[in-house]
Student: 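Before we start, here is the structure in question, set down as structure tokens.
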Amino acid sequence: GVTQPGVAGAVGPMVLPPCPGRVRHFKV
Amino acid sequence: APHGPQLTYSQPNCDDPETEQAALAAVDYLNSHLQQGYKHVLNQIDKVKVWPRRPFGVIFELGVDTLESTCHVFDPTALANCTVRQVAEHAVEGDCDFRVLKQDGQFSVVFAKCDSSPDSAEDVRKVCPQCPLLAQLNDTRVVHAVEAALAAFNVQNNGSYFQLVETSRAQLVPLPPSTRVEFAIAATDCVAKEVADPAKCNLLAEKQYGFCKATVTEKLGGEEVAVTCTVFQPQPAAPQPQPADPTMSVLVAVDPPGPAFPPAGPPAAAMVVGPMV
């Protein structure tokens, strides 16, 4: 079978949500 | 009544350096006002809003998660040198709301409210199925272990008689059957070797605190008490504690029960913060 190549999505800078921030140790 | 445009807040990134500075100032404030239990370290900034403040400065409104360290609040060790209590030791989390004023480059806490709670038994079991969980501080085995350990410490102590200030945490270990306790102590005006009635001893005006870890192991016909206490330098009126004294350790066999001491404080999970503004 022959498949159509997928359409690549636009690649841009990854935007992280502003909050919550990073976990410094571990999450309880 | 506000004049002109309404005050609006901004929402910077929780990991923004200025937000982190505000959170660290808030955690320092928390630790300097805790009167029992252990110092806490910053774990995660949950939320932040920054409000303009009249006439000058800004207010950081913060939601902050903390974790209990292994340093007791009486321990003068700098927070940076305190280790976080691990999940296997049954970690304790703090959940705090702070408002921190930044003015002229200085941070000052204007509101603080924290609750703390131990990790769930399930979480501890996932990491370490055999690890003992935190025990109730009023459990008779815990109360006895603290009494026996403090008595053993005082017997070996050539200086002041030390009184119990609080029981900070406890664990019941199934094998070998033993009780692990941690508790805070304070020096009194009695001499340890001469004390007849501990109830008549008074805490020194210049408070001298200590922190002890002990294991009381059940043995045939008695028990073994292993206790290690660190006594900190006396605290003058302004609480600027200095590095700790050498650690004192004793390992003795003691027949139960030991003498009676003041009751233990509330559970380790209770966190008391000083005056709120």
Side-chain angles (χ1 to χ4, degrees), chain A, chain B residues 9-24 27 40-50 60-70 79-80 82-96 115-124 126-127 134 269:
Chain A
V2 178
T3 56
Q4 292 288 333
V7 178
V11 178
M14 193 168 66
V15 179
L16 293 173
C19 285
R22 68 191 168 93
V23 175
R24 287 157 182 79
H25 300 282
F26 53 84
K27 201 70 187 156
V28 168
Chain B
Y9 61 83
S10 61
Q11 285 185 291
N13 192 303
C14 273
D15 285 337
D16 177 80
E18 198 180 26
T19 303
E20 188 170 52
Q21 273 185 299
L24 290 171
V27 172
H40 276 240
V41 298
L42 174 64
N43 191 34
Q44 186 179 36
I45 300 167
D46 279 338
K47 56 188 175 188
V48 56
K49 288 180 184 174
V50 181
F60 287 81
E61 186 183 333
L62 296 165
V64 169
D65 287 343
T66 64
L67 282 172
E68 184 185 271
S69 76
T70 57
L79 187 63
C82 296
T83 54
V84 172
R85 197 177 296 284
Q86 297 302 300
V87 175
E89 301 169 278
H90 206 159
V92 174
E93 177 191 44
D95 182 14
C96 299
D115 295 305
S116 68
S117 51
D119 197 0
S120 69
E122 292 73 21
D123 282 357
V124 181
K126 263 187 243 169
V127 172
L134 282 173

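Letters go in sequence order (proteins before strands), and every chain restarts at 1.
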Student: How far apart are the closest heavy atoms of A:Val28 and B:Leu67, and which atoms are they?
Tutor: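 Looking at all heavy atoms of both residues, the shortest contact is CG2-CD2, 3.5 Å.
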Student: Contact between A:Arg22 and B:Glu20 at the side-chain level, heavy atoms closer than 4.5 Å - yes or no?
Tutor: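 Side-chain contact under 4.5 Å: yes.
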Student: Identify the residue among B:Val41, B:Thr66, B:Ile45 that makes a side-chain contact (heavy atoms from CB on, under 4.5 Å) with A:Arg24.
Tutor: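 With A:Arg24 as partner, B:Val41, B:Thr66, B:Ile45 yield a single side-chain contact (heavy atoms from CB on, under 4.5 Å), made by B:Ile45.
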Student: Under the side-chain contact (heavy atoms from CB on, under 4.5 Å) test, which residues partner B:Gln44, sequence neighbours left out?
Tutor: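 In terms of side-chain contact (heavy atoms from CB on, under 4.5 Å), with neighbours along the sequence ignored, B:Gln44 is linked to A:Pro20, A:Val23, A:Lys27, B:Asp46, B:Asp65.
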Student: Would a 4.5 Å heavy-atom cut-off, applied to side chains only, mark A:Phe26 and B:Asn43 as touching?
Tutor: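 Answer no - side chains too far apart.
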Student: Is there a side-chain contact between B:Val48 and A:Cys19, using heavy atoms and a 4.5 Å cut-off?
Tutor: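 In contact.
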Student: Identify, with sequence neighbours excluded, every residue that meets side chain to side chain donor-acceptor pair (under 3.5 Å) alongside B:Ser69.
Tutor: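 None.
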